[in-house]
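What you see is a predicted model, and the numbers here were worked out from it, not measured in a lab. Quick note: numbers below take in every heavy atom, side chains included, and nothing from hydrogens, waters or symmetry partners. By convention here, the first residue in the shown sequence is residue 1.
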Amino acid sequence: MGKHNFGYFFHEGISNMFSHGFMSFAAIGITVACLLIMGTFTLVAVNANELLVTLEQENEILAYVDDSYTEAQARALQSRLEAIPNVASATFISKEEAMENFKAQYPDEELFQDLDPAILEDRYAIKLVDLEQQSETVAQVEALTGISDVSHYEEIAGGFVTVRNVATVVCVALIAILFVVSVFIISNTIKLTTFDRREEIAIMRMVGATNGFIRWPFVYEGFMLGLLGAVIAFFLQWALYAAVARGVDSNDTLQLIRVIPFSELWAPVAGVFILAGIIIGVGGSLSAIRKFLQV
């Protein structure tokens, strides 16, 4: 495609946009709506996944040290626990620290305030790298000499893993469906524009214009529609996300939820929006013009 042809196709694409103002406005509006729906759902999924990851990291198992071990011997187990493959960290908690934590949980219960720390055991709070391997890790910790018992919550760990996997599958499936629907809608919107010029296309074919010569202005039109829709959708998404984030931060009942700052997400969001907008616009144009180029 020569330089002069590029200029002609680009000019025709822009001209087509403005000569069919309402249809172009409709195509951009639909692109913005589709990208906003996909973007909002994706950002919710990203934040939900981040919350799940945080909860997984906070989930821990407790390994109790044998009563016959002195505190020095108990502390010596730390390096052996941390050497187990799936262990992210092992924090030693002495009997005294465990008792202080227990009393802090029940500050109004006077009977608990005079308990002797000796009734408790030294322990390790162990965080795991991968919750899916919790059963294997627990077995390895239990097999370690000096560990008398391990307290863990298999159901909670399994619940985190299940929710994360289901959320991932649902997210990918819905985004794929929304993407296909977006291309279909844009295709039909641009198809209405090409229908208005069907006689012009027929004349161009009669005088020997190639399919490519007829197709490229529509491709550029779809490109510009998709790009403009993506830019508008990005700034609207930014404003919407910022408003929701402020609402969550100011709500006392939602303090446990951390919303990822948009400053950490804007680059990938902008890239995905632009790429998706261009694909939707160009794909819709190619799909729309195909029937008019059939012999």
Side-chain angles (χ1 to χ4, degrees), residues 42-107 109 112-173 254-261 264-265 268:
T42 302
L43 288 172
V44 169
V46 168
N47 277 275
N49 183 69
E50 182 70 15
L51 178 61
L52 282 174
V53 169
T54 301
L55 291 174
E56 286 181 3
Q57 291 173 347
E58 292 177 354
N59 185 59
E60 60 188 19
I61 62 177
L62 292 176
Y64 297 95
V65 180
D66 193 299
D67 275 338
S68 62
Y69 274 50
T70 64
E71 182 172 327
Q73 290 175 314
R75 289 182 180 276
L77 293 173
Q78 183 167 359
S79 59
R80 295 169 62 189
L81 286 168
E82 291 178 340
I84 295 175
N86 192 41
V87 171
S89 65
T91 304
F92 179 74
I93 302 173
S94 66
K95 298 175 183 179
E96 290 73 17
E97 291 172 326
M99 180 57 71
E100 289 302 319
N101 293 337
F102 180 76
K103 290 178 180 179
Q105 291 180 8
Y106 305 97
E109 297 291 340
F112 294 161
Q113 303 307 310
D114 298 325
L115 292 176
D116 186 352
I119 65 174
L120 300 180
E121 297 174 294
D122 293 328
R123 71 210 48 197
Y124 280 92
I126 300 174
K127 295 185 184 297
L128 307 182
V129 176
D130 184 1
L131 284 184
E132 293 188 42
Q133 301 179 32
Q134 176 170 294
S135 297
E136 295 84 347
T137 306
V138 168
Q140 290 178 287
V141 172
E142 288 177 331
L144 197 66
T145 303
I147 298 298
S148 61
D149 189 24
V150 177
S151 176
H152 61 101
Y153 301 94
E154 194 74 34
E155 297 78 9
I156 294 178
F160 281 135
V161 173
T162 300
V163 170
R164 184 184 61 194
N165 292 342
V166 170
T168 300
V169 171
V170 171
C171 176
V172 172
L254 299 176
Q255 290 303 304
L256 292 177
I257 299 177
R258 175 187 175 270
V259 179
I260 304 173
E264 298 178 17
L265 300 171

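- In this structure, Asn47 contributes its side chain and Ile260 its backbone to a donor-acceptor pair below 3.5 Å.
- With sequence neighbours left out, Pro268 forms a side-chain contact (heavy atoms from CB on, under 4.5 Å) with no residue at all.
- Distance CD/Gln140 to CZ/Arg80: 13.0 Å, rounded to 0.5 Å.
- Note that CG of Leu77 is 5.0 Å distant from CD1 of Ile147, once rounded to the nearest 0.5 Å.
- The nearest pair of heavy atoms linking Val65 to Ala74 is CG1-CB, 3.7 Å.
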(request) Given side-chain contact (heavy atoms from CB on, under 4.5 Å), test Ile126 with Glu60 step by step and report yes or no. (result) CA-CA 5 Å; Ile126 300 174; Glu60 60 188 19; 5.8 Å; no
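- Scored by the ring-ring contact (aromatic ring centres under 6.0 Å, His included) test, Tyr64 finds no partners at all (sequence neighbours excluded).
- Rounding to the nearest 0.5 Å places OH of Tyr124 at 13.0 Å from CG of Leu62.
- Annotation: side-chain contact (heavy atoms from CB on, under 4.5 Å) contacts of Ser68 (sequence neighbours excluded): Asp66.
- Listed by chain and number, the residues in a side chain to side chain donor-acceptor pair (under 3.5 Å) with Glu71 are Arg75 (sequence neighbours excluded).
- For Asp149, the side chain to side chain donor-acceptor pair (under 3.5 Å) test picks out no residue, with sequence neighbours left out.
- Annotation: the span from Gln133 atom CD to Ile84 atom CD1 amounts to 12.5 Å, rounded to 0.5 Å.
- Annotation: side chain to side chain donor-acceptor pair (under 3.5 Å) contacts of Thr137 (sequence neighbours excluded): Asn86.
- Residues satisfying the side-chain contact (heavy atoms from CB on, under 4.5 Å) test with Thr70, not counting sequence neighbours, are Ala72, Gln73.
- Partners of Gln78 by side chain to side chain donor-acceptor pair (under 3.5 Å), not counting sequence neighbours, listed by chain and number: Glu82.
- Rounding to the nearest 0.5 Å gives a distance of 13.0 Å between NZ of Lys95 and CD of Glu97.
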